[in-house]
Amino acid sequence: MVDVLIIGGGGAGLCAALAAREAGAKVAVLGKTYPTRSQTSMAQGGINAALGNAEEDSIEAHIADTLKSSHGLGSEERIRRLCENGPDAIAWLERLGTPFSRIEGGKVAQRRLGGASAKRACYAQDYTGLKMLHTLYDASLGRGITFYDEYFMLNYIVEDGRVLGVTAIELGSGEVKAIGAKSVVVASGGYGGIYRGFTTNSSASTGDGVAAAMRAGAVLSDMEFIQFHPTALKGSGVLISESARGAGGYLLDSRGERFVDELKPRDEVAAAIWEQLEKEEEVYLDIRHLGERFIEEHLPQERKLAILYEGVDPVRDLLPIKPVAHYTMGGIEVDDRHMTKVEGLFAAGECANAYIHGANRLGGNSLLETVVFGREAGESAAAFAGQNGDRVTASSVQYERDRAFVSAVAGFTNQIDFYEKRDFLGKIFYRNVGILRSEMGLKGVLAAVRQMQKELPFMGIVDKSREFNTNLTEFIEFGNMLELAETILVGAIGRNESRGAHRRADFAQENDEKFYGVHSLSWKEDGVLCNEFGGME
Amino acid sequence: MIKIRIKRFHAAREPQSLEQEWEVKEGATLLESLTEIKCRKDPTLTFRSGCRSSVCGSCAVRVNGKEVLACAYKPKDGDLIEPRRFAPLIKDLVVDEKESFRTIERASGWLERFDQEAVVTPDDEKRTERQSDCILCHSCYSACPVLEVNPAFLGPFALTRVWRYVADPREGDSKTKIDTIQKDGVWDCTLCGECTMVCPQGIDPKNDILMLRARSTQMGHSDPNMGNFGSFGLDF
Ligand SMILES: Cc1cc2nc3c(=O)[nH]c(=O)nc-3n(C[C@H](O)[C@H](O)[C@H](O)COP(=O)(O)OP(=O)(O)OC[C@H]3O[C@@H](n4cnc5c(N)ncnc54)[C@H](O)[C@@H]3O)c2cc1C
Ligand code: SF4
Ligand code: SF4
Ligand code: FES
């Protein structure tokens with residue numbers, strides 16, 4: 001049996017794996033995709049650390065920026081820990097061979113991202129996440145970490161409040177397996193996939209690990225906080241990076257006029273665009289004046305994607321855009337060691353809510369979190385495994401249940417097409433649980449979500465085969481998204497104020513008296529969803 | 001609308017292999033078309049995907065015999081879509097990538113020992129910028145003719161990866177790396193350039209292999225094929 005089992009091989013998972021390995025543990029990483037295909041590969045902008053390589057900067061300034069952006073929902077102590085460890089995280093990545101962009105003299109290059117008071121984001125051209133992730137993967141292979149690639153995790157195995165492993169479908173064979181471990185780190189990414197068709201996220205960001213954690217007894221918090229990126233391609237939701245506006249790009253309305261200061265924080269720009277779209281206006285990104293040479297040199301990826309998806313060459317034409325879901329701030333609640341309410345189950349990365357981003361994430365802080373807290377979670381999990389020895393599962397209840405479920409799905413009647421419902425969920429979430437929300441719309445969506453939950457047994461799958469059944473896994477993902485959708489809605493309805501990324505049309509102001517430092521909490525008791533605002537007077 | 005043909009495979013189905021024709025929207029990417037077929041017409045159609053933006057490396061397939069990323073290719077009327085080569089078929093466009101991924105481990109595609117003293121200048125970094133753009137899409141692997149005759153060949157992307165570390169000033173033990181890629185490695189490549197032709201990231205594995213050969217020679221290795229001929233003569 002391995003000591004530490006990691007769920008998910010993105011930035012957070014691989015950092016946890018490497019740290020647990022450094023601490024002497026036997027480590028395995030299990031993922032529904034190969035590690036290098038994780039969403040982490042998509043991060044372009046950079047990873048924050050107050051190195052001061054490009055201009056003067058300080059840890060204190062990094063802390064202050066992050067705290068400000070969190071709107072009272074970040075923990076100063078945790079943010080301090082994250083920012084103080086920033087420089088060491090970069091040094092560690094450097095030792096593994098990460099190919100950062102450089103400045104003269106060999107220091108790591110840094111640039112400014114939105115909301116930062118200095119050039120703080122270390123980057124590797126427009127491929128920061130890709131290069132970091134691949135370097136971590138190479139290093140993991142070189143250190144004898146075991147990989148269960150293309151294993152779809154279903155549930156955690158929990159007995160007497162302690163995690164003892166997970167159940168998973170081995171995709172290639174279609175078999176359900178139980179994999180034991182002394183401790184487990186979940187690093188399965190966010191749940192932005194709920195906004196299908198309206199998100200920059202990878203199609204794998206379906207919140208599986210978060211939903212399973214709630215089923216296993218963990219608490220989720222601040223689920224209603226979802227960051228929208230102002231500029232994604234209108235048709236596909238593919239990201240056009242902030243650097244397009246940073247470099248001087250304009251946002252234009254249908255009449256070709258500017259309507260917002262393009263360099264304001266993400267949530268404000270997204271809200272201004274939303275206002276236009278609500279009026280049935282189009283919104284365009286205009287970078288024509290930057291010139292072909294500049295665009296080819298600095299925004300080659302965006303040009304390629306614009307031509308591919310919109311049939312528009314931004315060198316010559318206006319690019320139609322829309323704001324879409326980009327990052328999920330909420331997630332699994334963890335303590336200072338990154339342990340969830342389930343003993344031995346740790347969480348890190350976008351799936352966790354470590355009280356760093358609060359109501360709004362700063363660009364570049366999430367990659368930093370995957371490294372700093374990923375490593376810390378790995379160390380804690382290794383220590384836990386060392387102290388708590390083997391405990392063989394007394395029964396195989398979870399395994400039998402999940403095996404039975406997987407074979408039962410094949411027998412579901414399939415009278416309702418879940419792919420249609422999945423698109424529908426994305427659409428109503430975008431319209432009503434998006435940039436601007438109101439009680440009526442939220443309640444309507446809640447009713448629709450509960451209805452869909454009831455209808456799940458009438459949905460089902462067409463592909464009844466065992467091997468690599470993505471029809472089956474997409475159905476399970478849909479179930480997980482519906483489970484999380486409810487927690488988002490309950491939080492968004494109860495939080496009758498506006499704070500950071502959560503904007504209510506019917507409560508336009510921040511209500512500090514009622515909600516400052518107050519987190520929405522969700523958990524399950526005997527299968528029933530419970531909610532509360534923690535710390536409310 | 002245009003028509004595309006998809007080569008499908010499923011061990012548990014009769015017949016195991018078949019070619020199906022589908023109508024898809026003109027102007028959509030191949031990945032959008034595959035997704036549309038799966039969600040609206042035939043949920044059993046199986047393929048991999050992820051980012052939709054050519055960076056996660058999940059979706060490479062063969063179109064009319066050439067490797068492309070499904071998310072970056074727009075199908076034309078009559079296109080034939082097939083899975084990649086030199087990997088066991090699992091289902092439809094999904095092949096088993098275990099062995100091909102394992103080439104990285106076999107080639108020790110990582111930083112062997114970090115050199116504390118090393119300074120990486122912007123020029124140093126530029127030298128392997130391209131190589132580290134690799135998204136591990138396996139296109140080059142599927143295009144390489146050597147794998148047809150020698151399945152043990154380490155293949156283009158693993159060797160590119162080794163070069164990216166060997167050329168990094170931070171690598172404190174390039175000797176070990178070079179030693180590892182002698183067998184089924186740099187000398188087995190025929191320098192045909194097929195890998196370079198298909199790489200969606202503009203990487204040139206062939207050239208990286210040439211660089212590795214040069215470094216190998218400097219470190220006292222030689223082309224085993226040439227060596228054999230030479231020693232054959234000298235033995236007498
Ligand atoms: C387009 C884009 C650009 C971004 N740019 C930046 C940036 O510049 N800077 C920054 O700091 N942040 C950026 N972010 C955010 C950042 O990339 C993510 O928050 C971060 O990478 C999350 O890493 P992770 O390791 O937590 O999860 P992920 O990278 O999402 O990895 C999750 C892993 O879990 C696995 N998994 C999921 N479910 C299951 C299951 N059921 N069973 C088994 N395995 C499972 C997946 O296969 C995957 O390997 C960006 C995000 C996007 C979408
Ligand atoms: S150049 Fe070498 S590695 Fe590339 S395809 Fe040809 S034989 Fe294979
Ligand atoms: S070298 Fe190019 S073709 Fe080969 S795996 Fe990397 S990105 Fe794909
Ligand atoms: S879907 Fe990620 S590369 Fe095509």
Side-chain angles (χ1 to χ4, degrees), chain A residues 33-34 36-39 41-42 94-97 99-106 109 124-125 127 129-131 134-135 137-143 147 149-150 171-172 202-204 236-239 301 304-305 308-309 311 417 419-420 422-423 461-463 465-471 474, chain B residues 10-13 27 29 32 35 38-40 42-58 71-72 74 90-92 94 96-98 101 104-105 108-112 114 118-126 128-129 132-136 161 164-165 168-171:
Chain A
T33 64
Y34 277 90
T36 53
R37 279 135 196 205
S38 306
Q39 177 170 282
S41 68
M42 298 167 72
E94 179 87 280
R95 288 200 295 278
L96 299 180
F100 287 114
S101 294
R102 306 280 162 171
I103 52 173
E104 289 313 318
Q125 300 87 38
Y127 283 128
L130 175 82
K131 297 197 178 186
H134 282 235
T135 307
Y137 179 59
D138 297 344
S140 303
L141 291 176
R143 284 161 180 74
F147 284 91
D149 295 320
E150 304 200 312
L171 290 176
S202 148
S203 47
S236 59
V238 167
L239 177 75
Q301 281 199 74
K304 201 174 78 185
L305 291 168
L308 187 68
Y309 279 103
D417 177 7
Y419 285 124
E420 228 168 75
R422 189 176 67 172
D423 285 346
I461 54 176
V462 173
D463 189 344
S465 65
R466 293 162 67 87
E467 297 79 13
F468 221 94
N469 191 337
T470 50
N471 191 205
E474 286 170 359
Chain B
H10 190 184
R13 189 172 47 203
T29 65
E32 287 174 312
T35 308
K38 185 174 182 64
C39 295
R40 309 250 179 273
D42 184 356
T44 67
L45 181 65
T46 305
F47 51 91
R48 289 191 182 91
S49 73
C51 67
R52 299 165 296 143
S53 52
S54 313
V55 71
C56 78
S58 303
C71 68
K74 288 192 176 171
I90 298 180
K91 190 162 144 192
D92 294 346
V94 173
D96 187 344
E97 297 175 297
K98 221 171 262 129
F101 261 106
I104 301 174
E105 201 174 335
S108 306
W110 50 73
L111 193 76
E112 199 67 40
F114 174 67
V119 176
V120 186
T121 65
D123 283 343
D124 293 327
E125 185 257 328
K126 284 271 168 292
T128 52
E129 180 186 321
S132 57
D133 285 348
C134 173
I135 60 174
L136 288 180
R161 207 156 263 246
R164 102 99 150 135
Y165 287 109
D168 192 315
R170 288 170 295 184
E171 179 55 84

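Quick note on labels: first sequence line is chain A, next is B, and so on, each numbered from 1. Hydrogens, waters and symmetry mates play no part in the numbers below; they use all other heavy atoms, side chains included.
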Practice prompt. Give, for atom CG of A:Asp463 and atom NE2 of B:His10, the distance between the pair rounded to the nearest 0.5 Å.
Written response: 7.0 Å

Worksheet item: Taking the side chain as C-beta and beyond, is there a heavy-atom pair between B:Ser53 and A:Met42 under 4.5 Å?
Response: yes

Discussion item. Taking side chain to side chain contact (heavy atoms under 4.5 Å, CB included) as the criterion, tell me which of A:Val238, A:Leu308, A:Leu239 meets it with B:Arg52.
Written reply: A:Val238

Worksheet item: Can you tell me how far OH of A:Tyr419 sits from OG1 of B:Thr35, rounded to the nearest 0.5 angstrom?
Response: 9.5 Å

Worksheet entry | Spacing of NZ belonging to B:Lys38 relative to OG1 belonging to A:Thr470, to within rounding of 0.5 Å | 3.0 Å

Practice prompt. Over 60° means perpendicular and under 30° means parallel, so classify the ring planes of A:Tyr137 and B:Phe101, tilted if in between.
Written response: perpendicular

Fill in: Atom group of A:Phe100 that falls short of 4.5 Å from chain B, counting heavy atoms
backbone

Worksheet item: Rounded to the nearest 0.5 Å, how far does OG of B:Ser132 lie from CG of A:Leu130?
Response: 8.0 Å

Worksheet item: Under 4.5 Å between any side-chain heavy atoms of A:Ser41 and B:Val55, yes or no?
Response: yes

Worksheet item: Do the side chain of A:Arg37 and the main chain of B:Gly57 share a donor and acceptor less than 3.5 angstrom apart?
Response: yes

Discussion item. Nearest 0.5 angstrom please: A:Thr135 OG1 to B:Arg161 CZ, how far?
Written reply: 8.0 Å

Practice prompt. Go through the atoms of B:Thr121 and report whether side chain, backbone, both or neither lie under 4.5 Å from a heavy atom of chain A.
Written response: backbone

Item to complete: Counting only heavy atoms closer than 4.5 Å, note whether A:Phe468 contacts chain B via side chain, backbone, both or neither.
Response: both

Worksheet entry | B:Glu112 versus chain A, the contacting section by heavy-atom distance below 4.5 Å | neither

Discussion item. Does any part of the side chain of A:Ser465, heavy atoms only, come nearer than 4.5 Å to the side chain of B:Lys91, both counted from C-beta?
Written reply: yes

Fill in: Proximal component of A:Ser101, with respect to chain B [non-hydrogen, under 4.5 Å]
both

Fill in: Proximity breakdown for A:Arg422 and chain B, heavy-atom pairs closer than 4.5 Å
side chain

Discussion item. Below 4.5 Å, heavy-atom pairs only: which of B:Thr46, B:Val119, B:Thr128 has the largest tally toward chain A?
Written reply: B:Thr46

Worksheet entry | Non-hydrogen side-chain atoms of B:Tyr165 and A:Asp138 separated by less than 4.5 Å | yes

Worksheet item: Is the backbone of B:Asp123 close enough, under 3.5 Å, to the side chain of A:Arg102 for a donor and an acceptor to pair up by distance?
Response: no

Discussion item. Taking side chain as everything from C-beta outward and backbone as N, CA, C, O, which of these in A:Ile103 sits under 4.5 Å from a heavy atom of chain B? Side chain, backbone, both or neither.
Written reply: backbone

Item to complete: Count the heavy-atom pairs under 4.5 Å between each of B:Asp96, B:Thr44, B:Asp42, B:Val94 and chain A, then report the option with the highest count.
Response: B:Thr44

Discussion item. I'd like to verify something: which residue of B:Ile90, B:Leu45, B:Ile104, B:Asp133 has the highest number of heavy-atom pairs under 4.5 Å with chain A?
Written reply: B:Asp133

Discussion item. A side-chain contact here means heavy atoms from C-beta on lying under 4.5 Å apart; do B:Cys51 and A:Gln39 qualify?
Written reply: no

Fill in: Contacting moiety of A:Thr36, where chain B heavy atoms sit under 4.5 Å
both

Fill in: Proximal component of A:Glu467, with respect to chain B [non-hydrogen, under 4.5 Å]
both

Discussion item. With a 4.5 angstrom heavy-atom cut-off, is it the side chain or the backbone of A:Ala204 that approaches chain B, or both, or neither?
Written reply: neither

Item to complete: Tell me, for A:Asn471 versus chain B, whether the close heavy atoms (under 4.5 Å) come from the side chain, the backbone, both or neither.
Response: both

Worksheet, complete the sentence: Among B:Glu105, B:Glu129, B:Glu171, the residue with the most heavy-atom pairs under 4.5 Å to chain A is B:Glu129

Worksheet, complete the sentence: chain A shares the most heavy-atom pairs under 4.5 Å, among B:Cys71, B:Ser54, B:Ala11, with B:Cys71

Discussion item. One pair to check against side-chain contact (heavy atoms from CB on, under 4.5 Å): A:Tyr309 and B:Glu32. What are the steps and the verdict?
Written reply: CA-CA 10 Å; A:Tyr309 279 103; B:Glu32 287 174 312; 3.7 Å; yes

Worksheet entry | Interchain contact, A:Glu94 with chain B, by part (heavy-atom threshold 4.5 Å) | both

Worksheet item: Does A:Glu150 come within less than 4.0 Å of B:Lys98, counting only side-chain N to carboxylate O?
Response: no

Worksheet item: Is a salt bridge present between B:Arg40 and A:Asp423, judged by a nitrogen-to-oxygen distance below 4.0 Å?
Response: yes

Item to complete: Against chain A, work out which of B:Lys74, B:Arg13, B:Lys126 has the most heavy-atom pairs shorter than 4.5 Å and name it.
Response: B:Lys74

Worksheet, complete the sentence: Counting heavy-atom pairs under 4.5 angstrom with chain B, the leader among A:Asp417, A:Leu96, A:Thr33 is A:Leu96

Discussion item. Quick check: closest heavy atoms across B:Trp110 and A:Ala139, and the distance to 0.1 Å?
Written reply: CB-N, 4.3 Å

Practice prompt. Pick one of side chain, backbone, both or neither for B:Asp124, based on which atoms fall under 4.5 Å of a heavy atom in chain A.
Written response: neither

